[in-house]
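Worksheet for the structure shown next.
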Protein chains: 2
Amino acid sequence: MQTVRDLERNLGGDTADRSDPHSPAVDSVLDALMSIGRLMRHRVQGDHLDPGTFWLLKTLLGSGSLRVTELAGCANLDTSTVSRHVTQLDRAGLIHRTPDPQDGRAQRVELSEHGRAELQSALTQRRALLTRSLEGWDDADVEQLDVLLARFVGNIESLTAELEQA
Amino acid sequence: MQTVRDLERNLGGDTADRSDPHSPAVDSVLDALMSIGRLMRHRVQGDHLDPGTFWLLKTLLGSGSLRVTELAGCANLDTSTVSRHVTQLDRAGLIHRTPDPQDGRAQRVELSEHGRAELQSALTQRRALLTRSLEGWDDADVEQLDVLLARFVGNIESLTAELEQA
DNA sequence: CAACATGCATGCATCATGCATCTAGTTGTA
DNA sequence: TACAACTAGATGCATGATGCATGCATGTTG
């Protein structure tokens, strides 16, 4: 386990740090990640749902019904922001809001049938784009990318969770 | 190692398309990409430069000096938006603006020493974070991730370029 | 019951963005 | 040369997303 002191040592100057076993590839991966981030931002996704809406619906798909506060936590957004989004999505008929039987202050938010359909449509479009960009890959490579990416995301997520806690 | 696909298999319905040779992994990769996009958005990067500023400086680092219009093209932003960003960065001393000798209307924008230093610092911090999240990986896997990611980004970029053209 | 905490909504200010417009400089053409 | 059309960049304006502070209703604890 690398300590914070080691981390600070890395920040110093020498970018080709001997203690980093992967240094040659790290910069390259960093570049790739930034490209991906940029591509995601510029709605190359090709669907009609704005990113925030898409994210909310996607989160709801995986989680059944959630409170506004929980949604805000997932999205790293302020409760007020999510509250307004939920109001919008409710008006658009993409979600249902029902009072929480356990807690009179809270409400359960869940996908409506319409919302589920819209989300599936958006997912299908994104999937199609992704599939096209993987044309010509053989199965083993796709599989490998999948595995490595999943592992990597897991690592990043636990690391950031760890850092947030501190 | 459980991939995101394994999770999604439990959640959603049968979303796989028979005509897609890679269908099982595509959804998983899609999820991973969205996670990455989200992580990038929420400034987990750990630096003090806001995403827009970082992106502009990074672009300038790779390209020497650029016009405002060219920058706007790179970033997929309106010229006016970039113009304002450039004004800000100029005031902050992160860039230099010099009149274009070829064209009196245009200006060349390039990194100042200060800007270069700030960018390097931000890059170093991101690199450190990335390095920590790759702890415990062996070289071959990092290498593999790098190669696949680079190939993938290349594919996505040429695909989107192709789509924009049409 | 009183005091405090929590979930959500709303008012307000801020900021990024795009469009329309403006100015200054450039290019093409009669 | 003179004049029109065009282009680079800046600015006014409206819009939309966001966070903070606040308010209100409800819940929890002493």
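So that the names make sense, note that chain A is the first sequence line, chain B the second, and so on, each numbered from 1. The figures that follow rest on heavy atoms only: side chains count, while hydrogens, waters and symmetry mates do not.
Residues passing the salt bridge (charged side-chain N to carboxylate O under 4.0 Å, His left out) test with Asp141(B), sequence neighbours excluded: Arg151(A). For Ser133(B), the side chain to side chain donor-acceptor pair (under 3.5 Å) test picks out no residue, with sequence neighbours left out. With sequence neighbours excluded, the residues forming a salt bridge (charged side-chain N to carboxylate O under 4.0 Å, His left out) with Arg116(A) are Glu113(A), listed by chain and number. Not a single side chain to side chain contact (heavy atoms under 4.5 Å, CB included) links Val147(B) to another residue, sequence neighbours left out. The salt bridge (charged side-chain N to carboxylate O under 4.0 Å, His left out) search around Glu143(B) returns none, not counting sequence neighbours. Taking Arg97(A) as the reference, Asp90(A) meet the salt bridge (charged side-chain N to carboxylate O under 4.0 Å, His left out) condition, with sequence neighbours excluded. With sequence neighbours excluded, the residues forming a side chain to side chain contact (heavy atoms under 4.5 Å, CB included) with Gln144(A) are Leu148(A), Gln144(B), Leu148(B), listed by chain and number. In this structure Glu110(A) satisfies the side chain to side chain donor-acceptor pair (under 3.5 Å) test with no other residue, sequence neighbours excluded.
For DNA chain C, the residues of residues 78-97 of chain B within the heavy-atom distance limit of 4.0 Å (strictly under) are Asp78(B), Ser80(B), Thr81(B), Arg84(B), His85(B), sorted by number. Within residues 56-63 of chain B, no residue approaches DNA chain D, by heavy-atom distance under 4.0 Å.
Atom CZ in Arg108(B) sits roughly 12 Å away from atom C1' in dA8(D) (whole-Å rounding). In this structure, Trp55(A) atom CH2 and dT18(D) atom C1' are separated by 17 Å, rounded to whole Å. With rounding to whole Å, Glu70(B) atom CD is found 9 Å from dA8(D) atom P.
Screening residues 73-87 of chain B for salt bridge (charged side-chain N to carboxylate O under 4.0 Å, His left out) gives no qualifying pairs among residues at least two apart or on separate chains.
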Base-contact (B) and sugar-phosphate-only (S) positions in nucleotides 22-30 of chain D, heavy-atom cut-off under 4.0 Å, - elsewhere: ---BBS---

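Side chain of Arg108(A) to main chain of Thr98(A): no donor-acceptor pair is present (N/O by atom type, distance under 3.5 Å, no hydrogens or angles).
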